[in-house]
Engineer: 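The following block contains the structure, expressed as structure tokens.
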Amino acid sequence: MDQIKVTLKGGVEKTYTKGVTLIEIAGDISRKLSKEAVAAKVDGVIKDIGSKLYDDCQVEILTFDDEEGRKVFWHSTSHVMAQAVKRLFPEVKLAIGPAIDEGFYYDFDREESFSTSELEKIEKEMARIIAEDYAFCREDVPRKEALDDLQKHDEPYKVELVQDLPEDAHISFYRQGEFMDLCAGPHIPSTGRIKAFKLTSLAGAYWRGDEHNKMLQRIYGISFPKKPMLDEYMTRMEEAKKRDHRKLGKELDLFSIHEEGPGFPFFHPKGMVLWNLLTDFWRKEHQKRGYQEIKTPIILNEELWRRSGHWEHYKENMYFTKIDEMDYAVKPMNCPGGILMYKTDSHSYRDLPIRLGELGIVHRHELSGVLHGLMRVRCFTQDDAHIFMMPSQIEDEIIGVIDLVDYFYKIFGFEYNVELSTRPEDSMGSDELWEQATSALQKALEKKGMPYKINEGDGAFYGPKIDFHLKDSLGRTWQCGTIQLDFQMPERFDLTYIGADGEKHRPVMIHRVIFGSIERFIGILIEHFAGAFPVWLAPVQARVLPISEKHMDYACKVKKRLEDAGIRVELDERNEKIGYKIREAQMQKLPYMLIVGDKEAGDNTVSVRVREKGDVGQKSIEEFIEDIKSLTSKFN
RNA sequence: GCUGAUGUGGCUCAGGGGUAGAGCAGCGCACUCGUAAUGCGCAGGUCGCCGGUUCAAAUCCGGCCAUCAGCUCCA
């Protein structure tokens, strides 16, 4: 009888009879694992747990604890949902139903939209399917047969999917009970493994993500192998919602957005403190790195935008206006202004690189459905800079910006991921220059050893870009920093510098932002800290809380002393009990509360209550000032 | 822009064809208080906007606007 050698995850080698199944191997490792296994990786390929092995291989058993295991689990749940929908609404056409980062969805085509009560019915039917505990069975089918079958069942979207598969592709179906779905798999052993699930939302989604296609109905859900995990998930979602910058922005009185100006945020005094702290820090760090600051106008003649290519490639996003019968545009980007400034003088190669920074206010017409608090607005301030340089300086400059982004994000404790966005369809310039620019960015990333993902076709219309993405409280990612390499604008505007040879040469441009938009960055910041900003960023660093009205004079004195020391301090003058004032300060997430009563007034001290720790005892006023200074000095 | 949901005092929300309700916040008064809500009182709303049905609309219907989730699009 033939034996095969199986190498397990830890490097352990075991021998099994040919034809052994993965679930048998899991059972051999431990009983627990055989119960929890949802799939397995064989030589790096994910397989059904019931698959048989005939050759020597490496095996890794996957459970719900593995990301890939979770995806299999969720994908299987989407099949269960599709089965339930088909049972209840046989006329519905199936599109696709993949797992996503957290959960799964399935897209359905149905004339009427699903109602909340219908979702509940679907959930009940899913529970029934799970109780019936059908096994997931794989069936490999020849292409022709698959097509005939899907046509017979009138599943036009599935037919389209099969037609798009290469001629020689393996086509497989998975069956559970009476339901069968085109699917590459793999799947969990049976529907009974799903112990808890919930359909979370309903939304429209275009077939194949193309807005020219029909809009389908997408039902989102989540599922787990153990019931308490669902409760944990729901609690986590609730917690995440509490960090929402739109909610906290209101509660902490940082900003507001009104019906009168959708997408045009108003910054309140406390929000402006945060804003100014960020821009002060930005200016200081940029000065150190050889940047000069400029300011260019918000409205410029339309002719400029035609020359820059914005008219042709970006006008859908632009606002236009007339001045004295002439056409003008509100700037959606700062680059043409920066370019005009470069052109006001001639430049020697000795001056390069020239780094011109600008906190530029730009307006963009975003579709109404995409506006989102401070994260996606129609007017925002970019911490922009344009670097004009010789081709030989490209790599150093890109690396300089990458380092700067990393330096900034680390200050705030942000983790980020990097994408390289390549040439979009609607763009200008020769393939050759695009190729050159893209590989320059790529080279810089590789030199930094920075992991990145390629985002095909997502570059700016004038050049490829490196994007830095940050996560919000719900795990949605937002592009913040970006570095764009541009050979086109210098060409269009006939930018030159005089080289060592005395001849005119063409400079290259980098467009870059670090925060991205100050608005968006503040949004991210609010969610990251859940509104509890570190002392250096807190709009109010300390609040003086007098025990009773008797202590008001001393409290004023303390406040004055702290103000003089440059600390952002407030005094709670209301005639309330100390517990009440503490509660309020705590809910406003102020880092320090300074309680003053008879004791403190007597010996010139304050009782310090720290946001995270509670009462830490009495300190002299000077000592408290020193404490704050030592925490904030490196940012000022 | 598309699909679905939502829109009631500053905030959170209840109500639902017969002249608007709570809690918190605000204001006033009393208490002068030691580490997460003192008590009493007062004031505050054309129920998103416009139109229709009706003797009567916050409530039913239609349109629009905004918000939320997602799609598409992007810092």
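Just the heavy atoms: all of them, side chains too, but no hydrogens, waters or symmetry mates, feed the values below. Numbers restart at 1 for each chain; the letters A, B, ... are given by sequence-line order, proteins then strands.
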Engineer: Determine which nucleotide pairs with B:C55, using a 3.5 Å limit on both distances of a Watson-Crick or G-U wobble pair.
Structural biologist: B:G18
Engineer: Distance check: side-chain N/O of A:Lys465 vs OP1/OP2 of B:A75, anything under 4.0 Å?
Structural biologist: yes
Engineer: Please confirm whether any donor atom in the side chain of A:Arg376 sits under 3.5 Å from an acceptor in the base of B:C74, or the reverse.
Structural biologist: yes
Engineer: Choosing from B:C74, B:A36, B:A69, which nucleotide comes nearest the side chain of A:Met587?
Structural biologist: B:A36
Engineer: If pairing requires Watson-Crick or G-U wobble contacts with both distances under 3.5 Å, which nucleotide is the partner of B:A69?
Structural biologist: B:U3
Engineer: With a 4.0 Å limit, can you tell me whether A:Lys577 has a side-chain N or O closer than that to the phosphate oxygens OP1/OP2 of B:C31?
Structural biologist: no
Engineer: Quick one: is B:C33 close enough that its OP1 or OP2 comes under 4.0 Å of any side-chain N or O from A:Lys581?
Structural biologist: no
Engineer: When both hydrogen-bonding distances must be under 3.5 Å and the geometry is Watson-Crick or G-U wobble, what is B:A25 paired with, if anything?
Structural biologist: none
Engineer: Using OP1 and OP2 only, check whether a side-chain N or O of A:Tyr580 sits under 4.0 Å from B:A25.
Structural biologist: yes
Engineer: Can you check whether any acceptor in the base of B:G70 is under 3.5 Å from a donor in the side chain of A:Tyr206, or vice versa?
Structural biologist: no
Engineer: For a quick test of reading the model: is some side-chain N or O of A:Arg246 closer than 4.0 Å to OP1 or OP2 of B:C68?
Structural biologist: yes
Engineer: Hey, which sits more toward the 5' end of RNA chain B by its nearest nucleotide, A:Ala460 or A:Asn575?
Structural biologist: A:Asn575
Engineer: Is there a donor N/O on one and an acceptor N/O on the other, under 3.5 Å, for the side chain of A:Glu600 and the base of B:G34?
Structural biologist: yes
Engineer: In this structure, how many angstroms lie between the P atom of B:G70 and the CD1 atom of A:Ile100, rounded?
Structural biologist: 10 Å
Engineer: Return the nucleotide paired to B:G45: Watson-Crick means purine N1 to pyrimidine N3 with N6-O4 or O6-N4, wobble means G-U with N1-O2 and O6-N3, both under 3.5 Å.
Structural biologist: none
Engineer: With a 6.0 Å cut-off on the ring centroids, do A:His212 and A:Tyr206 count as close?
Structural biologist: no
Engineer: Check the phosphate of B:G70 against A:Ser201, side-chain N and O only, distance under 4.0 Å to OP1 or OP2. Yes or no?
Structural biologist: no
Engineer: Measuring to OP1 and OP2 of B:A36, would you say a side-chain N or O of A:Gln586 lies under 4.0 angstrom away?
Structural biologist: no
Engineer: Could you tell me if the ring centre of A:Phe521 sits under 6.0 Å from that of A:Phe414?
Structural biologist: yes
Engineer: With a 3.5 Å distance limit and no angle check, can you tell me whether A:Gln484 reaches the backbone of A:His511 through a side-chain donor-acceptor pair?
Structural biologist: no
Engineer: Establish, for the pair A:Lys315 and A:Trp311, whether the NZ or CZ atom is under 6.0 angstrom from the six-membered ring centre and no further than 45 degrees off its axis.
Structural biologist: yes
Engineer: Mark yes or no for a side-chain to base donor-acceptor pair under 3.5 Å between A:Glu549 and B:U32, with no hydrogen or angle criteria applied.
Structural biologist: yes
Engineer: Tell which nucleotide pairs with B:C33, taking only Watson-Crick or G-U wobble pairs whose two distances are both under 3.5 angstrom.
Structural biologist: none
Engineer: Which word best sums up how the rings of A:Trp478 and A:His372 line up, parallel for under 30°, tilted for 30 to 60°, or perpendicular for over 60°?
Structural biologist: tilted
Engineer: In whole angstroms, how far is the P atom of B:C31 from the CD1 atom of A:Ile578?
Structural biologist: 19 Å
Engineer: Atom CZ of A:Arg208 and atom C1' of B:C73: how far apart are they, to the nearest Å?
Structural biologist: 20 Å
Engineer: Does a side-chain N or O from A:Arg476 land closer than 4.0 Å to OP1 or OP2 of B:G70, or not?
Structural biologist: yes
Engineer: Nearest-nucleotide wise, let me know which of A:Arg574 and A:Gly261 is further upstream toward the 5' end of RNA chain B.
Structural biologist: A:Arg574
Engineer: What contact category does A:Val377 fall into here, base, sugar-phosphate, or nothing, at under 4.0 angstrom with non-hydrogen atoms?
Structural biologist: base
Engineer: Taking the six-membered ring for Trp, are the ring centroids of A:Tyr220 and A:Tyr106 within less than 6.0 Å of each other?
Structural biologist: no
Engineer: For B:G9, give the paired nucleotide (Watson-Crick: N1-N3 plus N6-O4 or O6-N4; G-U: N1-O2 and O6-N3; both under 3.5 Å), or none.
Structural biologist: none
Engineer: Rounded off to whole Å, could you give me the CD-to-C1' distance for the A:Glu576 and B:C40 pair?
Structural biologist: 13 Å
Engineer: Can you tell me if A:Phe380 is stacked onto the base of B:A75, using a 5.5 Å centroid cut-off and an angle below 30°?
Structural biologist: yes
